[in-house]
Structures are given as structure tokens and as C-alpha cells.
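Structure first, then comments.
What you see below is based on every heavy atom in this structure, not just the backbone, and it leaves out hydrogens, waters and symmetry mates. Naming convention: chains lettered A, B, ... in sequence-line order (proteins, then strands); numbering from 1 in each chain.
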There are 2 protein chains.
Amino acid sequence: MKNVTISDVAKHAGVSKSTISQYLNGRYEYMSEHTRKKVEYSIRELNYRPNIIARSLSQKSTFTVGIIVANILHSFSTHIIRAIELNFNKHGFHTIVCNADDEPEKERQYIEMLMAKQVDGMIIFPTGDNLDLYEQMKKKKYPIVFMDRTIEGLGIPSILLENEQAAEVAVKALTDNGHSRIAILTAPVTRNITPRLERIEGYKKALVSRGIQVQDEYIHSVEVEEMKVSLRNMFELDQRPEAIIAGSDRVLVEILNFAKEHQLVIPKDLAVIGIDDVSFANLFTPQLTTISQPTTKMANKAVELLLQQIKGEQKLSNDKTIRFGGQLNMRQSH
Amino acid sequence: MKNVTISDVAKHAGVSKSTISQYLNGRYEYMSEHTRKKVEYSIRELNYRPNIIARSLSQKSTFTVGIIVANILHSFSTHIIRAIELNFNKHGFHTIVCNADDEPEKERQYIEMLMAKQVDGMIIFPTGDNLDLYEQMKKKKYPIVFMDRTIEGLGIPSILLENEQAAEVAVKALTDNGHSRIAILTAPVTRNITPRLERIEGYKKALVSRGIQVQDEYIHSVEVEEMKVSLRNMFELDQRPEAIIAGSDRVLVEILNFAKEHQLVIPKDLAVIGIDDVSFANLFTPQLTTISQPTTKMANKAVELLLQQIKGEQKLSNDKTIRFGGQLNMRQSH
DNA sequence: CTGTTAGCGCCTTCAT
DNA sequence: ATGAAGGCGCTAACAG
């Protein structure tokens, strides 16, 4: 019933514990062919599995990393998670995924839990409200990488989309098709959530540079539950928008639902471009024009940066924010 | 730089390690008000966090469970994962998610890894090819619950959908709308994957009970990549099907793509019902009729059964397979 | 090449 | 109410 330990194997093979340990860690040079065979046999015979917990305790390294996403409902999050996990697996690291559900308090709990669990590092989509913790970790040189969002002035390496450029590309695609009354809808910008701020900023700049006036009534940042109301308000304006940019996949769904409910034909009555790709972009009628993020590249970069920190190769470039360009998927909704 | 340990706190507070340990575990009866205050103060002061790894080693319990999904690309998997994680969190357990990617070999590695990590239990969507491992775990009384699929004769508690009933409901909805040439498409049935087998079985029974002859050309079980070909074959039959049941969300997407490519109007040219709900069911034109699984209930039951095992409350009911009914979401594609 | 010894950080009797 | 001591399973010098 009780688990077989390294001592049991040692006894069975007639050698000492340390020899077994050597074997487990692949240091075969330190033992005779004969010993090796014996150990190998004993291990199979007893069906022995090393206890990673014990190993971690003595090595002070768990070969496990944590990912805390702000909200797992975004397709971007899930894609990033998959890519990160795949990559870390290749490097022999395991991954614990946590969903902060946009609640800073949950994020705090997860960070503390992960530290208690001695994970070797974390990739965080910061909610933006736990500055003290971020600073603490930074000071302790705890390996950490921010994803999707960043916190100014902390010097924590961050992987971001070229958000302004993405918004500009969206605006350009719309104006190229003759639209000028362009709106943008995003989730709330409380706590200065990077991508939302930057996308709105890019949107404004793009309008201005095209001589189109920025209208505040065309810019809404509200909770998903309130988007219907926002949209209705926009569409009751004298000059209602003829095009809209969705700040994320979830926003896009809300917009599409609204269009369906009000029988707005896309793109005739309302042109739509979404930031973030959605699984049904090609299925939808009309096919949905989107700007997708290079999730795999971004994930790989995050893994690379985190591993550098974990292995102590603190390159200078680590303190930089690294940006990736979005890709316009020209389809038919704009 | 180095982490603060229980000894540091003890020293700082001027008491012994065991007192701190008592404090950490909430056994305040064993110490004076004064001591408690001192300890509390020292912990804050030193910003001490208990090392869970060390605790796990001595307690022989990690308060962590593993989930191994067969394929994380199914919406069903992700919904289940979310629900399970949420529930376990409430109980103070953490979750490690692994994706076997439909490869038994990966599943095997993950199982071994999770055992090595000393997780307190696992919820597995079995690929079906690691009988020896399953048996080994069963014998060791390692807490384990199967989800979505089961392995006959192992006596491992399993949470399943009423698959036959779900397929029957689909057939009924289609025949009610006047269809009789009904096809079904699923992923491969190699390794006897429960839901696929049972759904096909339920489909056959439903046809027979309605006096419709079962035609093998209408039943395809192939890899996602080959579904286009399967569909083309079906549609080149003299008597091509006028309705089709999608065995899962991924199958549904393939069918919709096929319909789009071939300009088949749903449901006029082809009626469609999907098993598993999809995020865009309501968005699609026409809205998609689906049969959804009660993921939250299923997840909660799995958590309940696993916790029972972990806590040693091996109820008899544990050996049973527990089934949940699917829900028909009447929409417009059938 | 192999065995001995001393931790890793915490928990748990058992004394006091 | 508090402290001392041993142990969880493994690793890592250090001898031999």
C-alpha cells in the first residue's frame, strides 16, 4: 500500500541511496555497468516512481511555472495558454493555469498561492491592481513576464501586441471601403488596461490623420453585459455609426448579436472589424474581417524570456517591452 | 535573497518552530494570546509564506488534482475544465490541466508525471489505450474519476452523457421535421471511444424504432481532416442525405464549412443538429439546433466523486457509472 | 565507483 | 502552553 521510495530500491538492488539518485539523474558515469543493470531492474521490479515533491524540496526548484490569465473567456487567452504549455512541456516544465476572472483579489490569491507552491516563475496577464505584489516579486528577482498588458515603470518584461497599429489598420480598412463614421467598443478601461487604452488611442490617431473628427459618442468602454445598451445608444444618434471596431472577440460577439437582433445587414448597414480572431470567422455570413494576434510567436517569446530569467541569464533585453504586429485578415464584413 | 522559513519566524518571535506550525494550522488553543500576537506580527514583518512543497512532503498530500483531457480542442473539454477548476478551488484544491491530444502515449506520460507530482487524485478523459495504468491505479486505490468516456469492467467511477438518448433526441427532432435520410458523422471509433459508439448506437436504434432502414453509407467515423472527403462521398450518393447529426462541436464546424463551400442552404438542402453546444449557435444563420451537455453538473459530480475518494469516503455508489441527460436546444437548423 | 552524512522546510508526537 | 527530536523522500558534497 505504502509508496516505494528510493530506500526500498536501494535495499532491493543492494546499493546505497545515492547510487540510486545518481542513476535517476542520469549520471551513469559514476557506476559500473553491472550496478546500473541491477538498479534498472530493481526499479522496474518495484515499479518505483521518484517523488517529485521531495526532489523539489531539496533542489529548490519545481520545474513548474504558473500562468495567470486575466480572463480565460477570451480566445486570445486560451490560445496563448495552449502555446505556452506546449512550449514549456518541451523544456520539461509543467504549467499551472489560473484564471483571475478580471478580479484583482483573485489574482493576488493566485500569485501568493503560486509562490507558496514554489513555482519557478510566472507569466501574468496583470489585472493592474496588485502593484505591491508585482514590485515585491521584481525586487526578489522572482522570474516573471507580463503578457497582453503591462504596468508602466516596473521594468517587468512584457509581451504586447502593436495595439495602436492594429487599431490603425482597422480604421484604414474601413476608410478604404468608404466609411467615415467609425465607432469603437471595448471592455472597461478602468485600471488602465493596456490593450484597450492603446487600441482606442490608435483608433483616434488614425482618424485624426485622415482628417476625420473624433467623436466621443463613438467610443464606448463598458462591461460586456452593458454593451447592448451602449450599442443602442450609438445607433440612436442622429449620425449613427456606419462601421464599428470590436476591441476583442467577446465584444465582436456582442456586436454580432446586436446586429442580428436589429436586423442590420453586415456590412451594408454596419461594417465590422474585430480585433482577435474568432473560430467562426470564416463560417459566418459574411465572413468576418479580423485582426489576429500572432499568439504562438507571442507565447514562445514569453516562454523564452521566462526561461532566461529562471536560468539566470538575465539579458538586458529582458527589461524591454516586446511588441508583435497584428495581422489583418481581409474578409467580407467591412 | 534567501527565502524566509519557519525557523526565521520562530527566531524572530522568540518561540519554537512547532509553535509557529501550530499557528499556521490554526490551532490557536495551544498558545497564549500573547504568543499568538507575537507570531502574527513576526509573520507580517518578515513577509513569511509557508512553503507548500515542504508541507506536502511531510503531510503526504498536495491538495492538488490533475485533469487529463483527451483533446482540449473540444468545447466540452474546456467547459468541463473551467467548472472543475472553479469547484476544486472552493475546496482548497489546485488543478493541473493536461492535454493528451488524443495520443495514448501522451496520456501515459501525463499520468506518470502527475503521480510523481503526488497529486491527490485525477479526473481523466481516457484515451482508452492505457489499461495497465488504469488498473494499476485502481489497485493502489489512487483516487480517479473518468469523464466523458469509460472503460468497461474496470469499476472506475465514470461521468457520462446519456449518449444514446442524445442521439435519439436528435433523430426525433429531424424526423419530426419530415426528414428520413439522416446521416451521422463522428470522429474515429478506434479504441472504443464511448460517446462516439453510443451516439451511433442511439442513432441506429432511433432509426429502427421509426421504421427507417439503417444505411452504412450514412454513418462515417473519421479523423477531422478527412471529414470533407466523407461528406463529399455522402453527397455523391444517389440518395444523398437530407439531414446530418454532428457527433461533436468540431464535427459541426466541418459540416458547416462543407455546406458553405457547396452552397447548401441549411436547413433546406441539409438539416443539421450538433451534439455539444457551440459559442456561435445563436449567431449563425440559421441559428443552430444543438444538444448540449450539462457541463457544470457533470463537472460538479466528478469533483464530488473524486473528493469522496480522496477523503476516503468510498461510497458504494462510487463504482457506478453516472449519466446525465443532454438538452435539446431547438433552433432553426433542422 | 559507491556509501555516509547532512540538509531542504514543515509537521507531529512526546515531554516538560 | 511550549520546545525538542525525528521523519517525509530526495539531493549533494565528501569520504573512502
Sugar-phosphate only, base, or nothing, as touched by B/Ser7 at under 4.0 Å among non-hydrogen atoms: nothing
Rounded interatomic separation in angstrom, taking NZ from B/Lys37 and P from D/dT2: 14 Å
Shortest side-chain distance from A/Ser58, nucleotide among D/dG3, C/dC1, C/dG7: C/dG7
A/Tyr23 ring center near A/Tyr28 ring center (under 6.0 Å): yes
Aromatic ring pairing B/Tyr41/B/His12, orientation class (parallel under 30°, perpendicular over 60°, tilted between): tilted
Separation of D/dG9 C1' from A/Asp8 CG (nearest whole Å): 10 Å
Full working for salt bridge (Lys or Arg N to Asp or Glu O under 4.0 Å) between B/Lys37 and B/Glu33: CA-CA 6 Å; B/Lys37 282 272 168 66; B/Glu33 175 73 10; 3.4 Å; yes
Rounded interatomic separation in angstrom, taking CZ from B/Arg36 and P from D/dA1: 13 Å
Sugar-phosphate, base or nothing in reach of B/Thr35, heavy atoms under 4.0 Å: sugar-phosphate
Options D/dT11, C/dC10, C/dG3, nucleotide nearest the side-chain atoms of A/Asn25: D/dT11
B/Leu24 side chain, from C-beta outward: closest of C/dC11, D/dC10, C/dG3: C/dC11
Nearest-Å distance for atom pair CD1/P, residues A/Ile20 and C/dT4: 13 Å
Nucleotide nearest A/Ser18 when distance is taken to its side chain, options C/dC1, C/dT4, C/dC11: C/dT4
Sugar-phosphate, base or nothing in reach of A/Tyr48, heavy atoms under 4.0 Å: sugar-phosphate
Between D/dA12 (P) and A/Lys17 (NZ): distance, integer Å: 13 Å
Side-chain N or O of B/Thr19 closer than 4.0 Å to phosphate OP1/OP2 of D/dG3: yes
Phosphate OP1/OP2 of D/dC8 contacted by A/Asn51 side-chain N/O (<4.0 Å): no
Spacing of A/Leu57 atom CG relative to C/dG7 atom P, expressed in whole Å: 14 Å
Sugar-phosphate only, base, or nothing, as touched by B/Arg27 at under 4.0 Å among non-hydrogen atoms: sugar-phosphate
Between C1' of D/dA1 and NE2 of B/His34, the distance in whole Å: 13 Å
Length of the CD1-C1' vector between B/Ile53 and D/dC10, whole Å: 13 Å
Audit row: B/Arg108, B/Glu105, salt bridge (Lys or Arg N to Asp or Glu O under 4.0 Å) steps and yes/no: CA-CA 5 Å; B/Arg108 153 164 254 106; B/Glu105 189 47 38; 5.3 Å; no
